[in-house]
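I have placed the structure first, in the form of structure tokens, so that the comments after it can refer back to it.
What you are looking at is a predicted structure, and each value in this text was computed from that prediction instead of being measured. Residue numbers begin at 1 in each chain, while the letters A, B, ... track the order of the sequences.
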Protein chains: 2
Amino acid sequence: MISTKKTDLLKRTDIFASLDSKELEGLAHLAVERRFAPDEFIFWEGQPAHWFYIVQEGQVKVSKYSPSGREFIVAFFTPGEMFGEVAVFQGKPYPASACAVGETRVVGIRRDDFLSFLATHPSVSLKIIHVLGERLRSAHTRLRDLAAERAEGRLANILLMLASKLGPTLPFTRQELADMTGLTPETTIRVMSRFRDRKIVRSGRGKTTILDEAALRRIGEGLPLN
Amino acid sequence: MISTKKTDLLKRTDIFASLDSKELEGLAHLAVERRFAPDEFIFWEGQPAHWFYIVQEGQVKVSKYSPSGREFIVAFFTPGEMFGEVAVFQGKPYPASACAVGETRVVGIRRDDFLSFLATHPSVSLKIIHVLGERLRSAHTRLRDLAAERAEGRLANILLMLASKLGPTLPFTRQELADMTGLTPETTIRVMSRFRDRKIVRSGRGKTTILDEAALRRIGEGLPLN
DNA sequence: CGCCTATTTGAAAACCGTCAAAGTATGTGG
DNA sequence: CCACATACTTTGACGGTTTTCAAATAGGCG
């Protein structure tokens with residue numbers, strides 16, 4: 001075993017989990033570990049995409065910035081998830097920036113290595129299609145949300161989406177919630193305060209706990225805050 | 001040749017274009033032609049997804065509806081493009097509804113047939129990854145747009161996106177533009193009127209012609225309507 | 001010509017963003 | 001252990017944008 005830790009990580013990903021240990025070994029040889037300090041960027045939107053990554057430890061935030069400099073958070077990724085893969089497949093620049101949240105380790109795989117690996121492992125392609133499909137579905141749901149719901153509904157839906165992935169206690173600041181919903185921090189705070197007064201959430205500094213998921217679901221469906 | 005028309009269509013799609021004529025023949029056997037009248041639905045959000053489709057003639061509008069009944073248009077598809085594929089891969093219900101715009105013909109392929117075809121044609125998987133990646137990229141760009149831009153910017157960006165696909169003359173009503181941007185028809189009309197006064201677009205009933213693409217691009221970047 | 005639908009316009013109200021200022025947790029260095 | 005600096009959070013007032021509601025106009029098709 002040359003790199004137990006790397007094969008262990010690969011084994012925990014959706015797309016590589018079904019490979020046998022020999023194949024995993026081969027991949028692990030191609031994978032390079034990298035560490036990032038909090039708030040350090042892994043890549044920037046517009047850079048040429050030679051690598052794609054898998055989160056090993058910590059969290060990665062993928063965002064797009066508007067010309068005015070405002071941030072919009074596209075997704076958070078946790079250990080075992082890949083990111084930067086869309087650009088790699090297309091040979092185009094990264095469509096968004098990736099930034100480490102807290103101390104973070106990732107493994108990177110070179111575009112060329114990965115494409116040749118794919119050519120000989122068709123089953124992995126199917127897994128990737130599955131993952132991309134899931135992300136597309138989520139993106140479309142969020143699109144409908146941003147287009148149709150107002151502040152309360154948007155926040156409710158983002159909280160639900162995050163909770164379904166991370167559990168009922170969410171490690172985000174108001175600012176980050178604002179950047180995910182396209183609201184300002186002030187509006188986010190006001191809505192969250194209403195939620196708190198209604199005992200729908202409990203909140204502290206950089207942390208939110210969901211108490212009444214059913215209520216959030218009603219609000220997310222466009223029903224009034226009753 | 002059993003079905004020249006169907007193989008011709010398949011030949012024009014991104015994902016099947018590189019197959020040889022024997023493979024195309026095989027696929028064409030699996031493909032079923034269907035016709036739809038204007039405003040007839042091909043499938044509804046939530047239905048089990050046994051088929052995916054390719055547009056042969058006409059246009060298909062894919063939308064999601066908010067609980068209040070408001071429509072949000074996720075995408076328009078033109079001949080040669082596929083839709084409904086995400087649900088098929090995942091064995092989950094369709095995540096959106098598809099509706100014929102004008103007299104429309106499509107070909108449908110059964111989920112099971114397609115999955116077994118894929119298993120024996122890995123190169124098609126790669127094409128699909130490519131298409132899904134492109135759609136994901138577009139969805140994320142639109143997300144940032146809805147979150148960060150106001151009415152003028154949103155409309156400008158949607159017009160640009162449509163023009164890059166359909167050319168400078170766009171066959172959409174104000175209502176449809178509103179459903180793509182998440183604005184109300186009234187706001188859409190007011191903004192479009194400003195655009196018309198500035199000679200940025202020319203517009204008629206159910207039709208819009210872009211005159212000054214550069215201006216739209218400036219507005220879409222968040223710059224004022226100068 | 002008449003109907004249906006798309007477009008247009010107006011006025012009022014709701015919502016959210018902006019700006020400004022103050023309060024409060026967390027961590028750091030002395 | 002305390003003082004202080006640094007975020008994050010909170011609150012208020014104001015203004016602008018967009019929605020809402022209502023009504024009128026105009027284009028296309030039978």
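- No N or O donor and acceptor, one from the side chain of B:R150 and one from the base of D:dG16, sit under 3.5 Å apart.
- Base engagement by B:T187 is indicated by at least one non-hydrogen atom pair under 4.0 Å involving a base atom.
- Side-chain N/O atoms of B:R154 and base N/O atoms of D:dT18 include no donor-acceptor pair closer than 3.5 Å.
- Using a 4.0 Å heavy-atom criterion, one finds that B:R196 contacts the sugar-phosphate atoms exclusively.
- Within a 6.0 Å radius of NZ in A:K165, other residues, nucleotides and ligands contribute more than 12 heavy atoms.
- The NZ-C1' distance, from B:K207 to D:dG27, rounds to 12 Å in whole Å.
- Contacts of A:R205 with the nucleic acid, taken as non-hydrogen atoms under 4.0 Å apart, include base atoms.
- Closest to the B:L183 side chain, of the nucleotides D:dC8, D:dT19, D:dA13, is D:dT19.
- Here C:dT18 is the nucleotide among D:dT19, C:dT18, D:dT18 with the atom lying nearest to any side-chain atom of A:E186.
- Taking atom CD of B:E176 as the reference point, atom C1' of C:dT5 lies 13 Å away to the nearest angstrom.
- B:E152 has its CD atom 11 Å from the C1' atom of D:dT17, to the nearest Å.
- Atoms CD (B:Q175) and P (D:dT19) sit 13 Å apart, rounded to a whole Å.
- If you check the side chains of B:Y65 and A:R144, you find no donor sitting under 3.5 Å from an acceptor.
- A:P95 approaches A:A87 most closely through the heavy-atom pair CD-CB, 3.9 Å.
- Going from atom CD1 of A:I189 over to atom P of D:dA13 covers 17 Å, rounded to whole Å.
- For A:R190, no side-chain nitrogen or oxygen approaches OP1 or OP2 of C:dC16 to under 4.0 Å.
- Toward the 5′ end of DNA chain C lies the nearest nucleotide of B:R174, the other residue of the pair A:A151 and B:R174 mapping further downstream.
- Counting to the nearest Å, the C1' atom of C:dT5 and the CG atom of B:D39 are 12 Å from each other.
- Using the six-membered ring where Trp is involved, A:F114 and A:F89 have ring planes that are tilted, between 30° and 60° apart.
- Between B:F43 and B:Y94, the angle of the ring planes stays under 30°, which puts this pair in the parallel group of the 30/60° scheme.
- Per the geometry, CG belonging to B:L177 stands 9 Å off P belonging to C:dT7, to the nearest Å.
- Closest contact between the side chain of A:T184 and the listed nucleotides D:dT19, C:dT18, C:dA6 involves C:dT18.
- In this structure, CZ of B:F172 is placed 15 Å from P of C:dA6, rounded to the nearest angstrom.
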